[in-house]
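See below for the structure under consideration.
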Amino acid sequence: MAKTTVQKIQQVAIAALQDADTLLAEWLPDGVRQGSEWVARNTARDDQGKGSFGVSLTSGKWNDFADADAHGGDLVSLLSYLRGCRQVDAAMMIDQRLGLGIFHRNGEAQASPPITYSPTKSQLRQQAEAQRLLALQKAAELAKKLWLSGQPACPGHAYLVRKGISAYRLRQTPKGQLMVPLYANGELVNLQLIDAQGNKRFLKGGQVQGAYSPLGHVMPGKTLYVCEGWATGATIHAHTREPVACAMHAGNLEPVARALCERYGHLEMVIAGDDDRATPGNPGRNAANTAALAVGALVLFPAWPKDAPHVLTDFNDLACWYRQQGGHHE
């Protein structure tokens, strides 16, 4: 006599207990075994801390102490809850995963419709975060590989010549792209690649926020300039001989300033901002002022001569313009 669907679900639930450790490690991967219980975060809701969600490894009973409606008596009901699917679908997943053959035996066709489930918002967020972290890791590994295989940047590189700056410790790819290193917490995490025409790009998925490219050595108690682009930083470093942290764009000034304060403690910091005079709202000036207020730093902008074009925005633009005029204006 053929078993009913309910009987098959019950049979799967009993059989699943033999592999409870394996299944729970897959379903709740950030959990830990404590005695005869698996303790983890509840991935079906926005649960931030381990310990509120427990599953018995001997009986399959599970319970969320923070949610009175979240509880069940076996591993089938647990998977149904976590995946947001019917219990019969959860039982089929387990049956297939463990090769039990309870729902699909002797070549019989599976009567139930295809197994589908919709991930919860919390699960989708976790998946997206896992993908983001993996991309960060891959980009950092690629950055280290490219950096180690690169050659010292050619002082005659078209971009450096056009900007009137030294190569300092930049490196260069075999294709002639400059490699600007970005660090976070002392680790190389990304590269900005700059070609001869000045086109720039970061490594795909790599960290930018909170990361910076240093010029000189950052030291507690010593003046430190924080600016946007690397060419601007190289100009400031050449004129002041003080260390500079290049945040790469306006929106990263505050994250970088905060990260540097956290890493080095008290710093005599100066935010050397861009002055986007021709752009409505002047985003460069606003971002610099916001960053300076956030960390208690000084703020500095280029002092434009009356005849300087409004298209100039940063300290490198000003230095290049002075050079084109044949000297320095007072």
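Below, all heavy atoms of this structure are taken into account, side chains as well, without hydrogens, waters or symmetry copies.
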When you compare the side chain of [Y] with that of [X], does any pair of heavy atoms fall below 4.5 Å?
| X | Y | result |
| --- | --- | --- |
| Ser166 | Leu160 | no |
| Met269 | Tyr264 | no |
| Gln172 | His157 | yes |
| Tyr81 | His71 | no |
| Tyr183 | Pro214 | yes |

N/O donor-acceptor pair under 3.5 Å between [X] side chain and [Y] backbone:
| X | Y | value |
| --- | --- | --- |
| Arg277 | Leu312 | yes |
| Asn316 | Lys163 | yes |
| Asn252 | Met248 | no |
| His217 | Pro243 | no |
| Asp276 | Gly284 | yes |
| Gln87 | Val76 | no |
| His237 | Glu242 | yes |
| Asp95 | Gly101 | yes |
| Thr235 | Phe315 | no |
| Gln207 | Gln209 | yes |

If only side-chain N and O atoms count, and only distance matters, is there a donor-acceptor pair under 3.5 Å linking [Y] with [X]?
| X | Y | answer |
| --- | --- | --- |
| Gln7 | Gln11 | no |
| Asn199 | Asp195 | yes |
| Thr22 | Asp19 | no |
| Trp38 | Ser56 | no |

Verify the cluster assignment for [X] and [Y]: are they in a single hydrophobic cluster under the rule of side-chain heavy atoms below 4.5 Å apart?
| X | Y | result |
| --- | --- | --- |
| Leu136 | Leu203 | no |
| Tyr212 | Ile194 | no |
| Leu82 | Leu75 | yes |
| Leu260 | Leu182 | no |
| Val295 | Val244 | no |

Closest approach of [X] to [Y] (non-hydrogen atoms, all atoms of both residues):
| X | Y | answer |
| --- | --- | --- |
| Leu191 | Met179 | CD1-SD, 3.7 Å |
| Cys227 | Ile236 | CB-CD1, 4.1 Å |
| Gly73 | Trp62 | N-NE1, 4.1 Å |
| Ala139 | Gly205 | CB-C, 4.0 Å |
| Ala245 | Leu224 | N-CD1, 4.0 Å |
| Gly60 | Val55 | O-CG1, 4.2 Å |

Mark yes when over 12 heavy atoms from residues, nucleotides or ligands other than [X] sit less than 6.0 Å from its [atom1]; otherwise mark no.
| X | atom1 | answer |
| --- | --- | --- |
| Glu26 | CD | yes |
| Arg162 | CZ | yes |
| Lys144 | NZ | yes |

field: N-O pairing of Glu254 and Arg258 below 4.0 Å
entry: yes
field: Salt-bridge present (Asp274, Arg285; N to O < 4.0 Å)
entry: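 Salt bridge: no.
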How long is the straight-line distance from [atom2] of [Y] back to [atom1] of [X], given to the nearest 0.5 Å?
| X | Y | atom1 | atom2 | value |
| --- | --- | --- | --- | --- |
| Lys61 | Asp74 | NZ | CG | 10.5 Å |
| Trp147 | Leu142 | CH2 | CG | 13.5 Å |
| Thr279 | Asn286 | OG1 | CG | 11.0 Å |
| Asp317 | Thr232 | CG | OG1 | 7.0 Å |

Chi angles and distances behind the side-chain contact (heavy atoms from CB on, under 4.5 Å) call for Asn282, Asp275: CA-CA 7 Å; Asn282 202 327; Asp275 187 8; 2.8 Å; yes
message: Run the side-chain contact (heavy atoms from CB on, under 4.5 Å) test on Phe301 and Ile271 for me, step by step, so that the C-alpha distance in whole Å, both residues' side-chain angles and the decisive distance to 0.1 Å come before the verdict.
response: CA-CA 8 Å; Phe301 298 100; Ile271 308 297; over 6 Å; no
message: Taking the cut-offs as 6.0 angstrom to the six-membered ring centre and 45 degrees off its axis, would you call Arg41 and Phe53 a cation-pi pair?
response: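 Not satisfied by the 6.0 Å and 45° rule.
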